[in-house]
**Student:** 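To start, I am sharing the structure in question, which I have written as structure tokens.
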Amino acid sequence: MTNTELQFGIKEALEQLNIKEVNNGTWTGLNNFSDGEILESYSPVDGKLIGKVKTSSTADYEKVMESATDAFKQFRLMPAPQRGEIVRQFGEKLRKNKEALGKLVSYEMGKSLQEGYGEVQEMIDICDFAVGLSRQLHGLTMHSERPGHRMYEQYHSLGVVGIISAFNFPVAVWAWNTALAWICGDVCVWKPSEKTPLCAVACQNIMAEVIKENNLPEGISCLITGDYKIGELLTNDKRIPLISATGSTRMGKIVAQVVAGRFGKSLLELGGNNAIIVTPDADIKMTVIGAVFGAVGTAGQRCTSTRRLIIHENIYEKVKEALISAYGQLRIGNPLDEKNHVGPLIDKQAVELYNDALKKVVEQGGKILVDGGVLSGDGYESGCYVKPAIAEADNSFEIVQHETFAPVLYLIKYSGTVEAAIEMQNGVMQGLSSAIMTNNLREAELFLSVTGSDCGIANVNIGTSGAEIGGAFGGEKETGGGRESGSDAWKIYMRRQTNTINYTTSLPLAQGIKFDL
Ligand code: UN1
């Protein structure tokens, strides 16, 4: 298929998602009041302009916050299972729009169409999860030490949740946050990446329909667009008790400090430097699939992307050969063409960082095993298509210690027992995802033990990326410590209250203190 044929469905997708070619407004549900600057969205797939959005001015931001705080006052009174029903309807609309939204994700962000659909599937999954959870927002009851007293805890809605999301998961990460926040009775103000504004507008349009159909206040779901300056308004705003931020460690550090400075809570999901340990007992075929998908999926632009392979010296050559051969089969090109495995990087700046990493790994003593390079010519006109590369490196190299958001995989050799590999795996500043490939129970359990992986995610015989929504997602150290999506991640979106009730006619004090009047 030619590029024009592949892009054919995009116009229809945009129409279905109610995105006009030139969009003129700030999507808050408050219509077009913005006087902000124009933000243009270019596709990394073909370099073409997809659409324009207006960025939010400070005055727009104030209006959004007014609308959100008003909406919260009403929304928190709605019983949680009824809020679950709203999220159920949102999930239904996502099912209907899966193809259109997945296509837009692929076209605006550059990930493969399969991964674009997968991202929308994550949104649907978290909605289903949240619907069930809306009947389970329960606290504990405790036995009071005082007679005739009852003690329990309950969770109340928190308020306005600020969501800052990154370009690489332009829709799913927002949904992880909103689906939970909404069933918890919170309202959301979203600042998406300025690299993927149309995906955000599409999501906002879908939720706006649900809100309208249910006669609810528009401020339940708000969208503000712009660069870091609009993000700063959010992080500094005392009216926002929780900021959930996904992105670089550099950004997260600033957000954490500002939010802590005003005693707000932050939920941070920042950089990763994820490794797979490959022991002599690994299944090589499974290792290759997991490592290649982990390294080149989303063109190496997932927080969970595999950046390091720590391979035992006894099987090093075998794994290396198998990887080189697998990389030889990779098809790089238009991500809307399902035959291709690898799409473009997000923009030319990302291409520069990729080039820089390849240069640095050689300068620092590494050896290129699979050549990188920027592709040009037919189909590669955007200048964002690069070849996934492999380099032999040392864990201590400065560039290996650093997260490069690109398809560059470092092979690192270890000798001795699995403990040596675990030490290398943990020997970076980031702590998001990790994996071990082994059929040896002892090695697997050591990897999962308290002296094993120090990451938020630790997998056995699975790669580092592609987590399901049911588990809590996030990581330790410079990854920021936050947990999103499944398990009990909902708790951060609520405030906990401990209640002690005395149903007697006397007032005994705790700890046996006597205070008689
Ligand atoms: C991210 O890269 O920020 O585990 C999120 C994964 C996806 C989510 C990644 N489910 O790779």
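Whatever order the structure lists them in is the order used to number ligands and atoms, beginning at 1. One is the number of the first residue; the rest follow in order along the sequence.
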**Student:** Name the one of T279, I277, T438 that satisfies side-chain contact (heavy atoms from CB on, under 4.5 Å) with F447?
**Tutor:**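 Output: one option passes, namely I277.
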**Student:** Tell me if the CD atom of E423 is crowded by more than 12 foreign heavy atoms within 6.0 Å.
**Tutor:** no
**Student:** Please list the nearest protein heavy atom to atom 9 (C) of ligand 1 with its residue and the distance rounded to 0.1 Å.
**Tutor:**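 For atom 9 (C) of ligand 1, the nearest protein heavy atom comes out as F169 CE1, 3.5 Å.
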**Student:** Tell me whether ligand 1 is touched by F167 - counting only heavy atoms on the residue side and a distance under 4.0 Å.
**Tutor:**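 No; F167 lies far enough from ligand 1 that no heavy-atom distance drops under 4.0 Å.
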**Student:** Tell me the protein heavy atom at minimum distance from atom 4 (O) of ligand 1, and give that distance in Å.
**Tutor:**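 I find the closest protein heavy atom is A467 N, 2.7 Å.
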**Student:** Quick one: does Q301 get within less than 4.0 Å of ligand 1, heavy atoms only?
**Tutor:** no
**Student:** Judged on heavy-atom distance to atom 2 (O) of ligand 1, which of G247, G297, C303 sits nearest?
**Tutor:** C303
**Student:** Do any N/O atoms on T304 end up under 3.5 angstrom from N/O atoms on ligand 1?
**Tutor:**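 There is such a contact, yes.
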**Student:** Sequence neighbours left out, what passes salt bridge (charged side-chain N to carboxylate O under 4.0 Å, His left out) with E115? Give chain and number order.
**Tutor:** R302
**Student:** Using a 4.0 Å heavy-atom cut-off, which part of W176 comes near ligand 1: side chain, backbone, both, or neither?
**Tutor:**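 Under 4.0 Å from ligand 1, W176 contributes side-chain atoms alone.
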**Student:** Mark up the atoms of ligand 1 that fall under 4.0 Å of a heavy atom belonging to E269, in ascending order.
**Tutor:**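 Atoms satisfying the 4.0 Å criterion: 3 (O).
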**Student:** Report the nearest protein non-hydrogen atom to atom 10 (N) of ligand 1: residue, atom name, distance rounded to 0.1 Å.
**Tutor:** E122 OE2, 2.7 Å
**Student:** Among L268, V258, V189, L234, which one satisfies side-chain contact (heavy atoms from CB on, under 4.5 Å) with I243?
**Tutor:**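 The single option meeting the side-chain contact (heavy atoms from CB on, under 4.5 Å) with I243 is L234.
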**Student:** So, regarding R302 and ligand 1 (criterion: nitrogen or oxygen to nitrogen or oxygen, under 3.5 Å), is there a contact or not?
**Tutor:**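 Yes, R302 has an N/O under 3.5 Å of an N/O on ligand 1.
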**Student:** Mind checking whether E476 and D454 have side chains closer than 4.5 Å, heavy atoms only?
**Tutor:**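 No, every pair of side-chain atoms sits at 4.5 Å or beyond.
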**Student:** Parallel, tilted or perpendicular: which fits the ring planes of W190 and W174, with parallel below 30° and perpendicular above 60°?
**Tutor:**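 The arrangement is parallel - the two ring planes meet at less than 30°.
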**Student:** Are W176 and F169, when compared by the centres of their aromatic rings, separated by less than 6.0 Å?
**Tutor:**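 That pair fails the under 6.0 Å test.
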**Student:** Which ligand 1 atoms are under 4.0 Å away from a heavy-atom of S465?
**Tutor:**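 Heavy-atom distances to S465 below 4.0 Å select 11 (O).
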**Student:** Mind checking what makes salt bridge (charged side-chain N to carboxylate O under 4.0 Å, His left out) contact with E194, not counting sequence neighbours?
**Tutor:**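 Checked E194 against salt bridge (charged side-chain N to carboxylate O under 4.0 Å, His left out); matches are K191.
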**Student:** Using a strict cut-off of 4.0 Å, indicate which atoms of ligand 1 neighbour a heavy atom of F473.
**Tutor:** 4 (O), 5 (C), 9 (C)
**Student:** Which of the numbered atoms in ligand 1 are below 4.0 angstrom from a heavy atom of N168?
**Tutor:** 1 (C), 2 (O), 3 (O)
**Student:** Any idea which heavy atoms bring M109 and T298 closest together, and the distance?
**Tutor:**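 Scanning both residues completely, I find the closest heavy atoms to be CE-CG2, 3.7 Å.
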**Student:** Among all the protein's non-hydrogen atoms, which is closest to atom 6 (C) of ligand 1, and how far away is it?
**Tutor:**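 For atom 6 (C) of ligand 1, the nearest protein heavy atom comes out as G466 N, 3.2 Å.
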